[in-house]
Asker: 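Mind looking over this structure? Questions follow.
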Protein chains: 2
Amino acid sequence: MIKVILIDDHPIVMEGLKNLLATREELTVAGCFSNGAAGLEAIQTLQPDVVLLDINLPDINGIDLCKQVRKNDKDVRIIALSVHNERPVIKNILNSGANGYVLKNSVGEEIIMAINSALKGDTYLCNAAREILSQIQEGELTDIPKITRREKEIMGLVSKGLTTAQIAEQLFISTHTVESHRKNLIEKFDVTTMTAVIKLATQYGLL
Amino acid sequence: MIKVILIDDHPIVMEGLKNLLATREELTVAGCFSNGAAGLEAIQTLQPDVVLLDINLPDINGIDLCKQVRKNDKDVRIIALSVHNERPVIKNILNSGANGYVLKNSVGEEIIMAINSALKGDTYLCNAAREILSQIQEGELTDIPKITRREKEIMGLVSKGLTTAQIAEQLFISTHTVESHRKNLIEKFDVTTMTAVIKLATQYGLL
DNA sequence: GGCGATATCCCTGAAATCAGCCATTTTTAA
DNA sequence: TTAAAAATGGCTGATTTCAGGGATATCGCC
């Protein structure tokens, strides 16, 4: 019997997943959790074989959750469920310890296949995700850049329309420092304006 | 017997919804559609009493779809399902002809209640949505501003990091015209920079 | 056919951003 | 504990955006 736990904050989706897994005799749902904190704890206590993890949770970012899990547990198989069809997001999640990536608009069978692949030690991608990763989009990021705490803070304030001077004042730092962060962000995202940075960060769910 | 049709591009969600509605004898699912075009057609041909409509569809924007439906059909009850918890988005959908708004993280019962309310002629909001609409956030938009085609185009190019001059060149118009559009956008969104415009537009799913 | 919305174009000056460099201190993690 | 990463601060000059005014043309819908 393969122990699966579900982490998703949408009751309707949870219902659909439970239904789907119920069609498979070899799978048993050991627990359902609607937020990251509860899910993280459950992974440690319940020791499931597989986790179906919604990437967009209310409390914790899915990518960070994957990393958290992987710190202690190298064995549990994580299947990421997400609506994000952007390559950098997909790659980032896979690099964070997930053993599979299934877009939410996939059919149920893809989830079953992802579970089976993961248990065999393979990484499963749903058709659409595989397609996205295969096509080389020029001028697009390969990965989500690593953003520091301060940089994220700066992004947030810039996105609200604050100027460099206003941000410096609010954070009690020099305008030069703020400019330095801006420049690093522009470089990390490989664009030429902060506007483009904010667009990508918002799209990727970093803000 | 109340005829319901479902429009959602996530098979798992569809499954959960079907399950939910099956628990109610007075409700019958007359059809399931995974995109806006098919759904729109079905509303005209099947003449359902209620439509459960996912706002984020691959082909058509949910708001536009509501408006489309309302052009011909004043009677059908539309329950909008969405992950958007931003007030302007919620208000906009309600103003576009929806008879109810249920966030995707709501429990199933809220959908049932939404259907019942809508059939009685009331507009139902899930608890979370009601909460969001009630709290007056200062400095936040009340509604999503009306954006013209050209303005949307400008937003797209600005968000990619193009300068006014580059945009003007690409669209074969004067830089003055581009600046004019920028200014109008900044005013419409009630902010001071295009960066803030792009943040909101991305967040609201306008790009 | 006409009205309203949309798109177009123009000017000036102040303010802000970006590109190009660099250097030091403080955290954080191995 | 020590090396790497992050945060801090600095300068100059060119480029770009923003705020404040306008005006005219064109498109779509009733």
Side-chain angles (χ1 to χ4, degrees), chain A residues 63-64 67-68 70-72 74 95-97 139 143-201 206, chain B residues 64 67-68 70-72 95 139 143-201 206:
Chain A
I63 291 165
D64 295 337
K67 288 181 188 162
Q68 285 277 331
R70 279 285 170 263
K71 271 189 186 167
N72 315 314
K74 308 289 182 200
N95 288 338
S96 302
D143 261 295
I144 292 181
K146 277 175 195 155
I147 305 302
T148 69
R149 242 177 297 165
R150 201 53 149 177
E151 283 169 350
K152 193 179 249 181
E153 208 173 355
I154 302 285
M155 282 201 294
L157 296 172
V158 169
S159 78
K160 292 205 288 190
L162 300 204
T163 67
T164 295
Q166 291 171 321
I167 294 169
E169 190 183 12
Q170 185 161 334
L171 299 181
F172 304 107
I173 56 179
S174 155
T175 56
H176 298 298
T177 305
V178 177
E179 288 205 338
S180 191
H181 288 306
R182 293 179 86 120
K183 271 182 283 195
N184 289 335
L185 283 165
I186 287 172
E187 200 185 350
K188 283 185 179 181
F189 279 91
D190 196 26
V191 293
T192 56
T193 68
M194 274 305 287
T195 304
V197 169
I198 297 302
K199 158 69 167 16
L200 292 175
L206 308 179
Chain B
D64 294 338
K67 288 182 188 161
Q68 284 277 332
R70 279 285 169 263
K71 270 189 188 168
N72 315 314
N95 288 338
D143 261 296
I144 294 180
K146 277 176 196 155
I147 305 302
T148 68
R149 242 175 298 164
R150 201 52 148 178
E151 283 169 349
K152 193 178 246 179
E153 208 172 357
I154 302 285
M155 282 202 294
L157 296 172
V158 169
S159 79
K160 291 206 288 190
L162 300 204
T163 67
T164 295
Q166 290 170 322
I167 295 169
E169 190 182 11
Q170 186 161 334
L171 299 181
F172 304 106
I173 57 180
S174 154
T175 58
H176 299 299
T177 305
V178 178
E179 289 205 337
S180 190
H181 287 306
R182 293 179 87 120
K183 272 183 283 193
N184 289 335
L185 282 165
I186 287 172
E187 200 186 349
K188 283 185 180 182
F189 278 91
D190 196 26
V191 292
T192 56
T193 66
M194 273 306 286
T195 304
V197 169
I198 296 303
K199 159 69 167 16
L200 293 174
L206 307 179

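Not measured: the values here are computed from a predicted model. Letters A, B, ... are given to chains in the order of the sequence lines, protein chains preceding strands, and every chain is numbered from 1.
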Asker: Once rounded to the nearest 0.5 Å, what's the spacing between atom CZ of B:Phe189 and atom CD1 of B:Ile144?
Answerer: 7.5 Å
Asker: Where along nucleotides 8-24 of chain D does protein come under 4.0 Å, by heavy atom, of base (B) or sugar-phosphate alone (S), with - for untouched nucleotides?
Answerer: BBBB-----SBBBB---
Asker: Are any of the side-chain heavy atoms of A:Leu171 and A:Leu157 separated by less than 4.5 Å?
Answerer: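 Yes, their side chains come closer than 4.5 Å.
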Asker: CD1 of B:Ile173 to CD1 of B:Ile154: how many Å apart, nearest 0.5 Å?
Answerer: 5.0 Å
Asker: If a pair satisfies side chain to side chain donor-acceptor pair (under 3.5 Å) and one of its residues is in residues 170-182 of chain A, list it, with sequence neighbours excluded.
Answerer: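 Qualifying pairs, neighbours excluded: A:Thr164-A:Arg182.
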Asker: Suppose we screen for side-chain contact (heavy atoms from CB on, under 4.5 Å). Which residues come up paired with A:Asp190, at least two apart in sequence or across chains?
Answerer: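 Partners of A:Asp190 under the side-chain contact (heavy atoms from CB on, under 4.5 Å) test: A:Leu141.
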Asker: Give me the bend of the helix from C:dG1-D:dC30 to C:dA30-D:dT1, using the axes of the five pairs at each end, rounded to 10°.
Answerer: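 End-to-end axis angle: 90°.
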Asker: Quick one: list whatever passes side-chain contact (heavy atoms from CB on, under 4.5 Å) with A:Gln166, sequence neighbours left out.
Answerer: A:Leu162, A:Thr163
Asker: My understanding is that only residues two or more places apart in sequence, or in another chain, count here; which of them pass side chain to side chain donor-acceptor pair (under 3.5 Å) with A:Asp143?
Answerer: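 Once residues adjacent in sequence are excluded, the partners of A:Asp143 under the side chain to side chain donor-acceptor pair (under 3.5 Å) criterion are A:Asn95.
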Asker: Starting at CE of A:Met155, measure out to NZ of B:Lys199 and round the result to the nearest 0.5 Å.
Answerer: 11.0 Å
Asker: Under 4.0 Å from a heavy atom of chain B: give me the 5'-most and 3'-most nucleotides of DNA chain C that qualify.
Answerer: C:dT6 to C:dC11
Asker: State which residues pass side-chain contact (heavy atoms from CB on, under 4.5 Å) with A:Thr195; sequence neighbours excluded, sorted by chain then number.
Answerer: A:Thr193, B:Val158, B:Thr195, B:Ile198
Asker: Determine which pairs satisfy salt bridge (Lys or Arg N to Asp or Glu O under 4.0 Å) with at least one residue from residues 144-173 of chain B, sequence neighbours left out, and list them in order.
Answerer: B:Arg150-B:Glu153, B:Glu151-B:Lys188
